[in-house]
Undergrad: 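A single structure is presented below for examination.
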Amino acid sequence: MRKKELKTVITFETTTQAIGMESACKKHQIAGRLIPVPKEITAGCGMAWMTPLENEESVVQFMSEHEIIPQGVFQVEI
């Protein structure tokens, strides 16, 4: 069994926003991926963006600069 690690999980109100985040991050080579929303979190859509914890500050800044509005930013053991 894989050891759980603390990750940053970003949720969105719509699937379109989550996919937009994925597209923007791929374009700018930002580490992370779409995942199903963890059961510890509720969100407007069933998708979330996960990135290593150490990237949280830069990803939040990136979202602000690119007018990507998250529903929430969480730290979750995954």
Undergrad: Do E5 and K7 have side chains that get closer than 4.5 Å, going by heavy atoms?
TA: yes
Undergrad: Is the count of non-hydrogen atoms from other residues, nucleotides or ligands lying under 6.0 Å from E40 atom CD greater than 12?
TA: yes
Undergrad: Using the side chain to side chain contact (heavy atoms under 4.5 Å, CB included) criterion, which residues pair with S58? Sequence neighbours excluded.
TA: N55
Undergrad: Only pairs at least two apart or in different chains count here, so list each side-chain hydrogen bond (donor to acceptor under 3.5 Å, both in side chains) that has a residue in residues 68-78.
TA: E56-Q75
Undergrad: Can you confirm whether V76 sits close enough to L6 that some side-chain heavy atom of one is under 4.5 Å from a side-chain heavy atom of the other?
TA: no
Undergrad: Quick one: hydrophobic cluster around L34, which other residues, with the 4.5 Å side-chain cut-off, linked directly or via members?
TA: I10, F12, I19, M21, I30, M47, W49, V59, V60, F62, M63, I68, V73
Undergrad: With sequence neighbours excluded, tell me which residues meet salt bridge (Lys or Arg N to Asp or Glu O under 4.0 Å) with E13.
TA: none
Undergrad: Check for a donor-acceptor pair, side chain of T15 on one end and backbone N or O of C45 on the other, with a separation under 3.5 Å.
TA: no
Undergrad: Is the closest side-chain heavy-atom distance between P38 and V9 below 4.5 Å?
TA: yes
Undergrad: Give every residue pair that meets the salt bridge (charged side-chain N to carboxylate O under 4.0 Å, His left out) criterion with at least one member in residues 19-39, sequence neighbours excluded.
TA: E22-K26
Undergrad: Please enumerate all residues that pass salt bridge (Lys or Arg N to Asp or Glu O under 4.0 Å) together with E65, with sequence neighbours excluded.
TA: none
Undergrad: When you compare the side chain of T8 with that of M50, does any pair of heavy atoms fall below 4.5 Å?
TA: no
